[in-house]
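Reading through the structure tokens given below for one structure.
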Amino acid sequence: MKKALILTTAVLFGMVLFLGSSATQAQAETTFVTIGTGGITGVYYPTGGAIAKIVNQKRKEYGIRCTVESTGGSVFNINAILSGDLDFGVAQSDRQYQAVKGLADWADKGPQKDLRAVFSIHAETVDLIAAVDANINSLADLKGKRVNIGNLGSGYRQNAIDALEANGLNWETDFHAESLKAAEAPGLIQDGRIDAAFYTVGHPSGYYLEATSGTRKIKFVPILNIDSLLAKYPYYAKAETLMSNYTGAANTEAAVPTFGVKATFVTSAKVPDKVVYAITKEVFENFEAFVKLHPAYAGLTKEAMLTGLSAPFHPGAMKYYKEAGLK
Ligand code: GLU
């Protein structure tokens, strides 16, 4: 794993020799910044890419070079940011809340005091897809089936468990639960190795395009009976998944009811203000270009990007929001 914020000189010794002594004047320090994302068929991966693209255009001005890493998702990203292995990451708003309060995956470790919010991005819905031939029309029909609930580092695993519990199902005893990374699930459902899979992602995503374009017919299963979740957890909201994004799905209805969260961009209190400031500023000052980089950002506003966050804002981000009159 790369150690964060490696300061290095852009001009290597060999190049100095090659170019002669005058080249030493061109020496500049580059700050390497790594962004943790998710599986490559999700929306976090292209989101990290979109942020990196915007920021890297100003490499000469800031001396910042952003790179993107595909990871296991929200929980992995938050933990890697806190340990200093990543500088930034995309994480579900519910996972940000839990980390800050010391809940769920952080119940043993306690509140994660160094986690900092930068901004929020697109909406994500919690969805269950199932093979039509598996006859799964509700969560109750998952009994006895083979179902992916997600890898441990993912954000969506807990969403799946919450949805199952709200519907009276126990993932450890009622069916064969798989803990696969999201990127593997569409292929395995097409191969007949699993019957159904949960995922929490923005739309459209490559994951569902892949899952719904094979020969095995796939449908989105409504996630109902969630009132208890909405009452208990402040970070969940009612939502629906639009089928117009996935014309290969077997659904005939325009939208499938479920619940959702937000994708957020987080960092550590230990990341320098000037780095967080530069990234925040570039994304916001190039907002029109940024929102064009993925269809999941349709309808996004600058004001909305400052909501859905539970960690304190990083001072570098806050500096920009104050300057821009957003705070
Ligand atoms: N929300 C997912 C997770 O944290 C990742 C979705 C994505 O990669 O777009 O597990």
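We count ligands from 1, going down the list as the structure has it; atoms in each ligand are counted the same way.
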Taking all atoms of both residues into account, what is the closest heavy-atom pair of C66 and I279, and its distance? SG-CD1, 4.1 Å
Does ligand 1 have a heavy atom under 4.0 Å from the side chain of [X], from its backbone, from both, or from neither?
X	value
E124	side chain
Y199	side chain
Q92	side chain

Nearest protein heavy atom with distance in Å, relative to [atom]:
atom	value
atom 9 (O) of ligand 1	V43 N, 2.6 Å
atom 4 (O) of ligand 1	S74 OG, 2.5 Å
atom 2 (C) of ligand 1	T200 O, 3.2 Å
atom 10 (O) of ligand 1	G155 N, 2.7 Å

Contacting atoms of ligand 1, where contact means under 4.0 angstrom from a heavy atom of Y156: 3 (C), 10 (O)
As an exercise, identify every atom of ligand 1 less than 4.0 angstrom from a heavy atom of S154. 10 (O)
Within a 6.0 Å radius of atom NZ on K217, are there more than 12 heavy atoms belonging to other residues, nucleotides or ligands? yes
Atom NZ of K145 with >12 non-hydrogen neighbours under 6.0 angstrom: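 Counting neighbours around NZ of K145, more than 12 heavy atoms of other residues, nucleotides or ligands fall under 6.0 Å, so yes.
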Of the options Y44, F88, F313, which is the one that meets F265 in a ring pair (Phe, Tyr, Trp, His ring centres under 6.0 Å)?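 Among the candidates, only F88 passes.
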Could you say whether the N/O atoms of [X] and ligand 1 ever approach to under 3.5 Å?
X	value
G42	no
V201	no
Y44	yes

Test H294 against T47 for side chain to side chain donor-acceptor pair (under 3.5 Å), laying out the working first. CA-CA 8 Å; H294 199 287; T47 293; over 6 Å; no
With rounding to the nearest 0.5 Å, note down the distance linking CG in L152 to CG in D105. 7.5 Å
Residues which pass salt bridge (charged side-chain N to carboxylate O under 4.0 Å, His left out) with R193, listed by chain and number, not counting sequence neighbours: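 R193: no salt bridge (charged side-chain N to carboxylate O under 4.0 Å, His left out) contacts found.
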Should the pair F119 and F284 be assigned to parallel (<30°), tilted (30 to 60°) or perpendicular (>60°) ring geometry? perpendicular
